[in-house]
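These notes are about the structure you will find just below.
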Amino acid sequence: MNPTTAHPLNQAKLIQGITMHDMSDALRQYIRTLGRRTAKKLSHPKKTQYSERRPKSSPHMNIHSETPPIEPPFLPPELEQLIFETTADMYPKSIFTLLQVARRVHIWVQPLLFRVIRVNTHNKALINILKTGKTDSKRPDHPYGHVCHLALESIHNCSVDEGGLILELCTNVIDLGLNSWFTDPALLPVLGTLQLRRLAVNLRVLFGQSPIDLRHPLFHSITHLDIFRVEGIVDILPELSGLPGLTHLALDSDLPREKLLGVLSGSGCAELEVLLVQWQRFEKEEYRSAKVPCVYDVRFVIAIYSDYWAEWENGARGREDSWSRADEFVRRKRKREVEETRYWIN
C-alpha cells in the first residue's frame with residue numbers, strides 16, 4: 001500500500017479489512033514521511049536532543065508536556081488512528097515513543113497508555129502518576145478516566161490505602177482484579193458505583209464478617225466472575241443463578257465436584273456459557289488426577305495456568321486468555337470436534 005499515491009476513498013475502504021502486515025507497512029511508510037528528525041527519535045530516542053532534555057525518570061513529564069507541532073497527514077485520519085492505536089495495543093511498550101510522533105497521535109494514543117493497569121513492581125512509572133491522588137484528579141489531562149481494566153496485584157509499589165484511592169478515582173473501570181491484600185469491605189461502596197463486567201476477587205474477604213450478598217449493586221452488570229478460594233462459597237452457589245448478566249464463572253479447584261456441577265444443573269443458570277475450574281502450574285499432579293473421562297455438562301471446563309495476572313492482562317488487551325480458550329473449547333465440543341467424555345484443556 002502506497003499512502004502517498006492511493007486515492008483517499010480507496011484508502012478508507014481498506015480500514016475495515018486491512019491486515020496486520022498492511023498496517024505495519026503503512027506505519028513504517030508514514031513514519032518515514034515525518035522526516036529525518038522524527039525518524040531518529042523513534043529509532044534512537046536516547047540519542048536525540050529532544051529526549052536529552054527529559055530525564056529518564058520523568059514519564060509524567062513526557063505525558064503532560066508539550067508535544068511536537070502538528071504535521072500534515074498523508075493518510076485518512078481514520079486509517080492513521082487505526083494504525084497507531086493498533087500498534088499501541090499490540091506493543092504497549094512503544095506508546096511512550098508514539099506519543100512523540102505528532103500532537104494528533106498523542107491525543108489518540110495517550111488514553112491507551114492507561115487503559116490496562118496492573119499495579120505491580122513492573123509498572124512503577126504509571127502507578128506513580130495514578131498515586132498523585134485527588135489533588136490532580138480534576139486536571140482535564142489526568143488519566144484516571146482512561147483506566148478501564150485495573151488489577152490491584154502487588155503492595156510492593158502501592159499501599160492498600162493508595163490502591164483504594166486509585167480505585168475510587170478510576171470511575172470508568174469495567175474489569176477489576178483484586179488480590180487479597182487490597183480486598184476489604186471498605187471498597188464495597190465504591191464498587192457499587194462502577195459498571196463492572198469482569199471481576200476477580202475473594203468474596204469472603206470482600207464482605208468481611210457480613211454474609212456474601214449477591215444482590216449488592218456491584219454484581220448487577222457482571223458477565224465474568226472469578227471467585228478466589230472456597231471460604232463461604234458453597235453456601236452461595238445456588239444463588240449465583242440470580243446474577244442477571246453472568247455468562248462466565250470460574251471457581252476454585254478445591255470445591256467438591258458435585259458442588260461445582262450443581263451450579264450448572266440449576267434451572268436459573270441457562271445463560272451460563274462456561275464454568276471454569278483452574279489449577280496452578282505447580283498443582284499439575286492434582287490437575288492430572290482430575291482428568292477422568294466422564295460425560296459432564298458441556299459447559300464444564302478444567303484447565304491449568306502459569307501466571308494468573310499475565311492471563312488477566314491478556315484478556316484485558318483482547319488477546320487469548322483462560323476465558324477465550326474455554327469458550328473455544330466449549331464451541332468445539334458442541335460441534336463434536338472434542339470427545340464427549342473430555343472436559344479438560346491440554
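Atom set for the values below is all heavy atoms of this structure, side chains included, hydrogens, waters and symmetry mates excluded.
For the atom pair Arg115 CZ and Leu150 CG, the distance stands at 13.0 Å (nearest 0.5 Å). The NE2 atom of His156 lies 5.5 Å from the CH2 atom of Trp181; values are rounded to the nearest 0.5 Å. How far CD of Glu168 is from OG1 of Thr193: 8.5 Å, rounded to the nearest 0.5 Å. In this structure, the separation between CG on Leu249 and CG on Leu243 is 8.5 Å, given to the nearest 0.5 Å. Note: Lys291 NZ to Ile302 CD1 = 7.5 Å, rounded to the nearest 0.5 Å.
Side-chain atoms of His248 and Asp226 include no donor-acceptor pair closer than 3.5 Å. Checked by atom type, the side-chain pair Gln278/Ser322 shows a donor-acceptor distance below 3.5 Å. Between the side chains of Thr86 and Asp89, no donor-acceptor pair of N or O atoms lies under 3.5 Å.
Comment: Arg198 engages Asp321 in a salt bridge, judged by a side-chain N to carboxylate O separation of less than 4.0 angstrom. Salt-bridge annotation for Arg104 and Glu80: present, with a side-chain N of the basic residue lying under 4.0 Å from a carboxylate O of the acidic one. Remark: Glu328 engages Arg331 in a salt bridge, criterion side-chain N to carboxylate O under 4.0 Å. For Lys333 and Glu337, the salt-bridge test fails: no basic side-chain N is under 4.0 Å from an acidic carboxylate O. A salt bridge between Arg325 and Glu320 is present, with a side-chain N of the basic residue lying under 4.0 Å from a carboxylate O of the acidic one.
Between the Tyr343 side chain and the Val292 main chain, a donor and an acceptor come within less than 3.5 Å of each other. Side chain of Asn179 to backbone of Ser154: no donor-acceptor contact under 3.5 angstrom is found. Of the possible donor and acceptor atoms, one in the side chain of Thr247 sits under 3.5 Å from a partner among the backbone N and O of Thr223. Distance alone, capped at 3.5 Å, places no donor-acceptor pair between the Arg229 side chain and the Glu231 backbone. Here the side chain of Asp307 pairs a donor or acceptor atom with the backbone of Ala310 at under 3.5 angstrom. With Tyr305 contributing its side chain and Glu311 its backbone, the two residues share no donor-acceptor pair below 3.5 Å. Between the Arg299 side chain and the Leu264 main chain, a donor and an acceptor come within less than 3.5 Å of each other. Between the side chain of Glu162 and the backbone N or O of Ser159, at least one donor-acceptor pair lies under 3.5 Å.
Crowding of Glu340 atom CD: a count of heavy atoms from other residues, nucleotides or ligands under 6.0 Å not exceeding 12. Atom NZ of Lys284 sits in a sparse spot, with 12 or fewer heavy atoms from other residues, nucleotides or ligands closer than 6.0 Å.
Grouping the Ile, Leu, Val, Met, Phe, Trp and Tyr side chains by contacts below 4.5 angstrom, directly or via other members, places Leu176 apart from Val116. By the rule that hydrophobic residues join a cluster once side-chain heavy atoms approach within less than 4.5 Å of another member, Ile174 and Leu188 end up as members of separate clusters.
Within the 4.5 Å cutoff, side-chain heavy atoms of Ile227 are placed close to those of Leu225.
When all heavy atoms of Leu196 and Ser221 are compared, the pair lying nearest together is O-OG, 2.6 Å. The minimum heavy-atom distance between Leu191 and Leu218, with the atom names listed, is O-CB, 3.7 Å.
The aromatic rings of Phe84 and Trp108 are tilted relative to each other, their planes meeting at an angle between 30° and 60°.
Under the rule for a side chain to side chain donor-acceptor pair (under 3.5 Å), Arg197 has no partner lying at least two apart in sequence or in another chain.
For Phe228 and Tyr308, the ring centers sit closer than 6.0 Å to each other.
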